[in-house]
Amino acid sequence: MLEALKHLPQAEESQETLRSHFTDLNPALNKRQAAIESDRCLYCYDAPCTRICPSEIDVPSFIQNIAVGNINGAAKVILDQNILGASCSRVCPTEILCEHACVRNHDAEGAPVKIGLLQRFALDNAKFEQHPFQRAASTGKKIAIVGGGPAGLSCAHRLATLGHDVVIFEAKEKSGGLNEYGIAKYKLTEDSAQREVEFLLQIGGITVKHEQVLGQNLHLADLRRDYDAVFLGLGLGASRQLGLTGEDAPGLMAAVDYIAELRQAEDLTKLPVPKQCVVIGAGNTAIDMAVQIARLGAEQVTLVYRRGAEHMSATHHEQDIAKANQVRIVTWVQPQEVLRDAEGKVSGMRFARTKEVGGKLQASGATIDIPAQAVFKAIGQCMDNSSLADDLAKDLQKQNDKIHVDAHYRTSVSGIYAGGDCIADGQDLTVQAVQHGKLAALAIDNDLKAKV
């Protein structure tokens with residue numbers, strides 16, 4: 001996977017030192033801190049934090065449970081709505097969702113309740129004597145789920161609780177999707193993603209088959225024939241291209257590919273690390289890439305974006321993380337040319353300076369060269385068309401190059417549902433993918449009952 005960077009030197013610091021750079025970004029609350037923080041909640045009626053939560057967690061209820069010492073009760077309130085609540089407590093952009101909506105932003109303290117850390121406290125410290133969810137009586141129905149990421153796992157769990165038998169077909173060696181392969185290592189540390197998957201599967205009634213790739217050894221028509229319903233939680237498997245000559249030069253690669261290798265690496269000293277690198281993009285993936293390569297030892301990390309910082313999709317919180325890790329952010333420039341040395345390897349990037357005229361982006365005529373031995377693209381993901389190359393898959397209606405679904409996550413092909421990043425109204429948030437999977441499961445259950 002890292003063939004494009006094999007000519008670069010490996011990380012110079014020891015494994016122990018490098019591992020210390022990838023501990024939890026935010027330290028967990030202890031019992032006393034959680035008690036104090038939960039007491040700050042006003043337990044609002046029709047709470048704005050709950051209304052803005054994509055997975056509809058009853059925030060005041062779980063916080064009140066913490067306040068009275070009922071940690072298991074708090075965890076159950078969260079898991080009832082979001083079975084991947086542990087990972088979401090670490091990766092969800094609470095600063096623009098529940099914590100942004102918190103009414104305590106507007107009182108004398110001027111600071112929100114630390115909802116994300118309280119959610120993490122509840123789920124990290126809950127100790128259930130038995131699994132908190134039980135399967136309903138068997139319905140005899142079988143549902144196939146393509147994709148073992150947040151959407152597929154959430155859908156599978158809810159279907160299993162409703163008494164259906166579920167088979168997850170996952171393309172990679174491990175389940176978890178972006179939680180396992182695409183989130184910064186300092187956000188989801190160690191094997192936390194796998195522990196969450198293992199907990200979810202304890203409900204029973206869910207079988208997982210790995211290395212099953214739609215369009216290769218797995219075909220949609222076969223699934224539709226053999227199962228009572230099919231849910232597609234494909235995610236976005238392909239990285240967008242810059243459209244420049246030399247994009248295949250050694251030293252240039254997709255940020256998500258490097259992040260995946262980093263998350264799976266047992267020995268961080270074996271990873272190739274450039275002294276200078278450029279990250280192209282404006283979202284959280286770009287920030288994750290820039291921060292992690294800096295923590296691995298890159299001496300100069302430059303993140304570039306074609307518009308201003310105020311237009312970046314990465315939150316101010318994420319931008320602050322980048323700055324705290326000495327990442328230089330250069331705005332109002334767009335890629336123009338891949339610079340290469342005599343051997344054809346990346347030596348830098350030439351960028352055209354941009355400006356906004358009448359709401360449209362234009363090149364100003366000036367350019368800037370940034371030296372780099374590696375360039376990482378973080379300009380977005382798109383559907384991997386090879387996964388939808390089957391005859392039946394071609395019948396799926398598309399919208400903005402993604403799968404179109406109705407309000408109940410039904411696709412244009414009867415019996416096939418979809419959710420997560422692969423559908424048109426996705427926002428690339430783990431918490432939203434979880435909600436899609438949960439709601440799609442309820443729709444599948446209702447539709448199957450209607451057929452009886």
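- The main-chain N or O of Trp332 is never found under 3.5 Å from a side-chain atom of Arg307 such that the two would form a donor-acceptor pair.
- Annotation: salt bridge (Lys or Arg N to Asp or Glu O under 4.0 Å) contacts of Arg410 (sequence neighbours excluded): Asp406, Asp447.
- Tyr258 and Pro272 make their closest contact through OH-O, 2.7 Å (heavy atoms, listed as atom of the first residue, atom of the second, distance).
- Scored by the salt bridge (Lys or Arg N to Asp or Glu O under 4.0 Å) test, Glu95 finds no partners at all (sequence neighbours excluded).
- Between the CD1 atom of Ile259 and the OG1 atom of Thr285 there is a distance of 5.5 Å, given to the nearest 0.5 Å.
- Between Arg104 and Arg40, some side-chain heavy-atom pair lies under the 4.5 Å cut-off.
- A cation-pi arrangement, defined by a distance under 6.0 Å to the six-membered ring centre and an angle within 45 degrees of its axis, is absent between Lys209 and Phe169.
- The residue from Leu388, Ile423, Asp384, Asp421 that alone fulfils the side-chain contact (heavy atoms from CB on, under 4.5 Å) condition with Leu234 is Leu388.
- Salt bridge status for Arg51 with Asp46: present, with a side-chain N to carboxylate O gap under 4.0 Å.
- When the side-chain hydrogen bond (donor to acceptor under 3.5 Å, both in side chains) test is applied to Gln334, no partner is found at least two apart in sequence or on another chain.
- Put simply, the residue from Gln264, Gln194, His210 that forms a side-chain hydrogen bond (donor to acceptor under 3.5 Å, both in side chains) with Lys174 is Gln264.
- Once rounded to the nearest 0.5 Å, the distance linking CG of Leu214 with CD of Glu170 reads 11.5 Å.
- The closest donor-acceptor contact from the side chain of Asn446 to the backbone of Ala443 lies at 3.5 Å or more, if one exists at all.
- Applying the side-chain hydrogen bond (donor to acceptor under 3.5 Å, both in side chains) criterion to Ser313, with sequence neighbours excluded, gives no partner residue.
- Rounded to the nearest 0.5 Å, atoms CD (Gln216) and CG (Leu218) are 10.0 Å apart.
- Here Leu159 contributes atom CG and Arg135 contributes atom CZ; the two are 10.0 Å apart, rounded to the nearest 0.5 Å.
- Applying the salt bridge (Lys or Arg N to Asp or Glu O under 4.0 Å) test to residues at least two apart or on different chains, none of the pairs has a partner in residues 433-442.
- For the residue pair Gln81 and Ser55, no side-chain donor N or O sits within less than 3.5 Å of a side-chain acceptor on the partner.
- Residues forming a side-chain contact (heavy atoms from CB on, under 4.5 Å) with Ala298 (at least two apart in sequence, or on another chain): Val273, Ile293, Val301.
- Cys92 is not listed as a side-chain neighbour of Leu429, based on a closest heavy-atom distance of 4.5 Å or more.
- In this structure, the side chains of Glu180 and Leu188 stay at 4.5 Å or more apart for every pair of heavy atoms.
- Of the possible donor and acceptor atoms, none in the side chain of Asp24 sits under 3.5 Å from a partner among the backbone N and O of Asn26.
- Other residues, nucleotides and ligands contribute over 12 non-hydrogen atoms within 6.0 Å of the CD atom of Glu109.
- Between the Asn325 side chain and the Ile321 main chain, a donor and an acceptor come within less than 3.5 Å of each other.
- For Gln119, the side-chain contact (heavy atoms from CB on, under 4.5 Å) partners are Ile57, Phe62, Ile78, Cys88, Ser89, Leu123, not counting sequence neighbours.
- Residues meeting the salt bridge (Lys or Arg N to Asp or Glu O under 4.0 Å) test with Glu198, sequence neighbours left out: none.
- Distance alone, capped at 3.5 Å, places no donor-acceptor pair between the Thr331 side chain and the Gly308 backbone.
- Under the 30°/60° scheme for interplanar angles, the aromatic rings of His157 and His131 are found to be tilted.
- Side chains of Ser175 and Leu201 form no contact here, defined as non-hydrogen atoms less than 4.5 Å apart.
- A donor-acceptor contact shorter than 3.5 Å is absent between the side chain of Glu299 and the backbone of Gly297.
- Of the charged side-chain nitrogens involved, at least one lies within less than 4.0 Å of a carboxylate oxygen, so that Glu3 and Lys6 count as a salt-bridged pair.
- Checking Val167, Leu223, Val213 one by one against Val146, the side-chain contact (heavy atoms from CB on, under 4.5 Å) holds for a single residue, Leu223.
- Annotation: Glu310, atom CD; neighbour count of heavy atoms from other residues, nucleotides and ligands within 6.0 Å is above 12.
- Side-chain contact between Arg90 and Arg120 is present, with at least one heavy-atom pair separated by less than 4.5 Å.
- For Glu173 (side chain) and Glu211 (main-chain N/O), no donor-acceptor pair under 3.5 Å exists by modelled atom type.
- Residue pairs meeting the salt bridge (Lys or Arg N to Asp or Glu O under 4.0 Å) criterion with at least one partner in residues 71-87, sequence neighbours excluded, are Lys76-Asp80.
- Other residues, nucleotides and ligands contribute more than 12 heavy atoms inside 6.0 Å of the CD atom of Gln241.
- The shortest distance between side-chain heavy atoms of Asp165 and Lys141 does not fall below 4.5 Å.
- Residue Asn217 qualifies as enclosed at atom CG: its count of foreign heavy atoms under 6.0 Å is above 12.
- Enclosure of atom NE2 in His317 by more than 12 non-hydrogen atoms of other residues, nucleotides or ligands within 6.0 angstrom is indicated.
- Residues Ser192 and Glu190 fail the side-chain proximity criterion, which asks for heavy atoms closer than 4.5 Å.
- In this structure, the ring of His311 has its center no less than 6.0 angstrom from the ring center of Tyr305.
- Listed for the Glu37 side chain is a donor-acceptor partner under 3.5 Å among the backbone atoms of Lys114.
- Judged by distance alone, the side chain of Ser412 and the main-chain N or O of Gln397 form a donor-acceptor pair under 3.5 Å.
- A salt bridge (charged side-chain N to carboxylate O under 4.0 Å, His left out) with Asp288 is found for exactly one of Lys187, Arg263, Arg295, Lys185, namely Lys187.
- Residues forming a salt bridge (Lys or Arg N to Asp or Glu O under 4.0 Å) with Asp58 (at least two apart in sequence, or on another chain): none.
- Residues that satisfy the side-chain contact (heavy atoms from CB on, under 4.5 Å) test with Thr411, not counting sequence neighbours, are Leu396, Ile403, Val405, Val413, Ile416, Ala418.
- For Leu153, the side-chain contact (heavy atoms from CB on, under 4.5 Å) partners two or more places apart in sequence, or in a different chain, are Ile168, Val197, Leu200.
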*In sequence, state the C-alpha distance, the side-chain angles, and the governing distance for Asn105 and His100, and then conclude on side-chain hydrogen bond (donor to acceptor under 3.5 Å, both in side chains).*
CA-CA 7 Å; Asn105 284 302; His100 179 72; 5.6 Å; no
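- Of the N and O atoms on the side chains of Thr17 and Ser14, at least one donor lies less than 3.5 Å from an acceptor on the other residue.
- Distance CG/Leu296 to SG/Cys277: 10.0 Å, rounded to 0.5 Å.
- Judged purely by atom type and a 3.5 angstrom limit, Glu261 has no side-chain atom pairing as donor or acceptor with the backbone of Leu2.
- Side-chain contact between Val291 and Tyr186 is present, with at least one heavy-atom pair separated by less than 4.5 Å.
- Taking OG1 of Thr207 as the reference point, atom CD1 of Ile145 lies at 11.0 Å (rounded to 0.5 Å).
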